[in-house]
There are 2 protein chains.
Amino acid sequence: MALKNIRIKDIAKLAGVSVGTVDRVLHNRGRVSDEALKKVTSVMEQIDYKPNLIARTLGTNKNYHIAALLPDPNSDPYWSQANTGIIASQLEWEQYGIRIEPFLFDLFDKESFQRLAKKVYEANPDAILVAPIFYHEALPIFELFNESGIPYVLFNTNIPEARPLTFIGQNLYQSGRVGAELMHIGQHHSGTLAVLHIDEDIHESVHLLEKERGFRAYFKEKSKIDFNIVDFTLNVKDPTFSDRLKTLLDDPTLKGIFVSTSKGTAVAASFLAQFGKREIRMVGYDMLDENLKYLRQGTIDFLINQNPKRQASLGISHLVNYLMFKKGAPDTDLFPLEVITQQNIDSYTGSGIH
Amino acid sequence: MALKNIRIKDIAKLAGVSVGTVDRVLHNRGRVSDEALKKVTSVMEQIDYKPNLIARTLGTNKNYHIAALLPDPNSDPYWSQANTGIIASQLEWEQYGIRIEPFLFDLFDKESFQRLAKKVYEANPDAILVAPIFYHEALPIFELFNESGIPYVLFNTNIPEARPLTFIGQNLYQSGRVGAELMHIGQHHSGTLAVLHIDEDIHESVHLLEKERGFRAYFKEKSKIDFNIVDFTLNVKDPTFSDRLKTLLDDPTLKGIFVSTSKGTAVAASFLAQFGKREIRMVGYDMLDENLKYLRQGTIDFLINQNPKRQASLGISHLVNYLMFKKGAPDTDLFPLEVITQQNIDSYTGSGIH
DNA sequence: AAATTAAGTGTGTGCGTACACAAATTAAAA
DNA sequence: TTTTAATTTGTGTACGCACACACTTAATTT
């Protein structure tokens with residue numbers, strides 16, 4: 001009954017060697033005679049040795065340093081949520097001697113990304129979490145990381161060419177399909193559906209177009225009714241922005257709006273609320289405070305949650321598990337496409353990390 | 001730069017006492033002079049001591065034993081998922097010297113619950129996870145647990161009178177409201193909506209009625225159209241079951257069906273698929289294989305995910321954190337009311353624990 | 001005054017692993 | 001055969017904390 005766990009010491013005794021030799025075999029770092037190796041491996045095969053992770057971690061006892069490269073949270077509510085995840089991780093892992101250092105770049109400045117990325121590289125951390133929102137600028141950075149052998153995890157945006165430890169994010173095409181589905185439910189009459197890409201700076205175009213592709217594909221496949229799907233790429237800074245949006249909302253055939261960005265969702269919702277078109281179905285992204293407000297008051301019907309906070313904190317977790325506990329990480333960790341409605345909203349905001 | 005973490009040893013040196021004394025103060029187990037206490041607390045106030053959890057855990061090095069009391073997974077797919085969570089937890093915590101022992105009772109046999117609960121008590125575990133689906137039978141058990149001082153976590157079903165470490169589950173009233181909302185979307189014409197409680201044994205009546213209450217409340221509050229909401233409590237074993245269900249489906253005014261149980265969802269969906277009423281909106285519970293099949297083929301429109309697997313594994317996590325890492329647990333951990341659709345289904349099945 | 005009890009304090013060891021280093025063995029060179 | 005080098009193996013210590021136990025000093029009791 002009192003079945004003690006098998007320890008290195010026990011293996012050593014069974015194999016008739018010292019713990020040092022067993023350790024060398026286990027981590028195959030050589031300096032072991034063939035004879036000793038055979039004895040140990042033979043014992044290893046017979047018993048089911050599971051190293052005590054606690055002891056191992058204490059033994060290695062490194063003070064790891066993780067760099068987190070992401071956009072400045074002050075300039076954007078979406079990235080502010082991601083940063084919340086970073087802060088939560090800092091607290092969580094502090095006691096384990098893990099220091100997480102944020103490197104915040106300007107969301108609208110590619111050069112700033114490059115500069116900060118270089119700083120990350122120079123800081124020579126043990127691992128890196130990065131949101132590589134600038135595709136072209138990110139490529140050489142990853143080559144640098146690959147060369148130096150520093151493990152890194154991507155989140156939010158995937159760069160297929162990079163070879164990260166893990167990519168954390170969502171299937172954008174499928175996300176667009178979910179948006180389309182939510183738009184489609186109970187729409188019995190033909191009309192116009194608008195896909196809106198609203199951004200201050202269209203650097204995530206590929207990102208957004210992928211959602212649109214899914215959105216259109218869904219209607220092509222699934223809808224018996226023929227909808228007129230139009231798309232707009234709008235820049236908030238554009239002086240004609242407001243007029244163009246109003247013109248769209250004035251279209252009497254408009255049945256629904258799908259906005260591909262979190263911030264854009266808030267902007268579009270504010271227009272919709274202001275110009276009072278209640279019967280327009282609206283689907284957008286993310287649980288920004290503003291979006292929640294519009295969801296609660298019924299302007300927004302559905303939000304698809306990208307959960308930047310959890311993406312960030314899970315990214316850190318993967319790195320910690322990899323560094324500290326020597327656990328392998330999956331190469332992709334695709335998040336569920338969570339549907340947020342007026343009625344389940346509190347169940348998402350109220351609880352902890354799920 | 002090489003800012004080492006503060007250790008007990010450091011505190012001892014600063015306070016001019018030994019590590020033993022510091023330890024006694026930290027765990028306030030007495031045998032310390034006022035003078036020494038003052039010195040240590042004064043140091044403690046000035047520095048921000050954070051014990052190394054790894055070392056602490058290794059230091060105590062107990063082999064904890066956790067009992068999991070839940071229905072037999074073989075008799076029910078829902079509980080089979082919960083059991084999957086238990087198995088995952090066993091693997092996860094095995095290396096930490098934590099043994100999780102399942103105690104499986106018969107879902108349809110109250111006495112079996114009592115018997116197994118007693119066995120749990122006699123096994124004298126360090127902590128207990130329990131799904132107390134039999135309200136009246138559970139009450140005396142919790143008294144027993146409370147007396148013996150064994151911490152326990154409830155999941156799936158709440159027993160307000162019990163004083164568990166944590167309750168893990170969902171807000172059932174709100175869950176019903178979400179169901180109603182999903183039923184309501186795009187329903188422009190009046191008609192009949194059926195609330196179905198299908199079960200082999202109606203022991204969870206309170207559970208189910210709470211969902212119905214939320215469902216009805218939503219329509220009362222939110223719907224401009226007046227729907228005729230009818231409810232049925234059906235027992236699959238009842239010989240008239242099939243006829244009653246068919247009669248309901250034949251109602252030409254029937255617009256939607258809301259099923260309050262996971263198994264019932266599969267049963268109702270099979271009837272709906274068989275008697276081909278595509279235009280009926282159907283909302284049910286849980287990602288049982290069968291339910292997923294009907295969701296994929298369009299018979300079911302929405303599933304609300306109760307996530308029994310995660311409920312179980314998170315319950316274990318709370319207990320482990322409490323026992324091993326001395327972390328406090330929240331008294332309730334309400335899960336998000338996840339909406340599963342045809343388009344986001346794969347994003348839920350594909351990924352790991354979220 | 002000696003013996004007992006109590007209160008307070010410090011030392012030491014265990015937890016299981018990793019790794020440095022010394023010791024032992026073997027092989028090769030002088 | 002002795003010396004030197006190379007290879008293999010064992011020992012010891014650190015990691016940070018918890019806890020047992022022994023020890024000191026002061027307060028009682030005999």
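Within every chain, numbering begins at 1; the chains are lettered A, B, ... in the order of the sequence lines, protein sequences first and strands thereafter.
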Quiz item: How does each nucleotide of nucleotides 4-10 of chain D score, in 5' to 3' order, for protein heavy atoms under 4.0 Å: base (B), sugar-phosphate only (S), or none (-)?
Solution: ----BBB
Exercise. Establish, with yes or no, whether the OP1 or OP2 oxygen of C:dG16 is under 4.0 angstrom from a side-chain nitrogen or oxygen of A:Arg56.
Key: no
Exercise. Send over the distance from A:Asp10 CG to C:dT17 C1', rounded to a whole Å.
Key: 13 Å
Exercise. Give a yes or no on whether a salt bridge exists between A:Arg7 and A:Asp10, defined as a side-chain N under 4.0 angstrom from a carboxylate O.
Key: yes
Quiz item: So what does A:Asn52 touch, heavy atoms closer than 4.0 Å: a base, only the sugar-phosphate, or nothing?
Solution: sugar-phosphate
Quiz item: When you check the phosphate oxygens OP1 and OP2 of D:dG16, does a side-chain N or O of B:Tyr49 lie under 4.0 Å from one of them?
Solution: no
Quiz item: Quick one: B:Asn28 CG to D:dA18 C1', roughly how many Å, whole number?
Solution: 15 Å
Quiz prompt | Integer-rounded Å distance: D:dG16 P and A:Met324 CE | solution = 11 Å
Practice problem: Determine which nucleotide pairs with D:dT30, using a 3.5 Å limit on both distances of a Watson-Crick or G-U wobble pair. | Solution: C:dA1
Quiz prompt | Criterion side chain to side chain contact (heavy atoms under 4.5 Å, CB included) on A:Leu129 and A:Phe155, from CA distance to verdict | solution = CA-CA 7 Å; A:Leu129 177 71; A:Phe155 79 104; 3.7 Å; yes
Quiz item: B:His27 NE2 to D:dC17 P: how many Å, rounded?
Solution: 10 Å
Practice problem: Please state how far atom NZ in B:Lys9 lies from atom C1' in D:dT13, giving the value in whole angstrom units. | Solution: 12 Å
Exercise. Return the nearest nucleotide to the side chain of B:Arg7; candidates are C:dC19, D:dA18, D:dG16.
Key: D:dG16
Self-check item: Nucleotide C:dG16, atom P - distance to OH of B:Tyr96 in whole Å
Solution: 15 Å
Practice problem: Calculate the interatomic distance between B:Leu26 atom CG and D:dC19 atom P; express it in whole Å. | Solution: 12 Å
Quiz prompt | Residues that A:Phe325 engages under ring-ring contact (aromatic ring centres under 6.0 Å, His included), provided they are two or more places apart | solution = none
Quiz item: For B:Leu58 and D:dC19, what is the distance between atoms CG and P respectively, to the nearest whole Å?
Solution: 13 Å
Practice problem: Would you name the heavy atoms of A:Pro125 and A:Val120 that are closest together and state the gap between them? | Solution: CD-O, 3.2 Å
Quiz item: Do the side-chain N and O atoms of B:Asn156 and B:Tyr78 include a donor-acceptor pair separated by under 3.5 angstrom?
Solution: yes
Self-check item: Whichever of B:Ala55 and B:Arg29 has its nearest DNA chain D nucleotide further upstream toward 5'
Solution: B:Ala55
Exercise. Tell me, please, which residues at least two apart from A:Phe145 pass ring-ring contact (aromatic ring centres under 6.0 Å, His included).
Key: A:Tyr152
Quiz prompt | Sugar-phosphate only, base, or nothing, as touched by B:Ile8 at under 4.0 Å among non-hydrogen atoms | solution = sugar-phosphate
Quiz item: Is the shortest side-chain N to carboxylate O distance from B:Arg29 to B:Asp23 below 4.0 Å?
Solution: yes
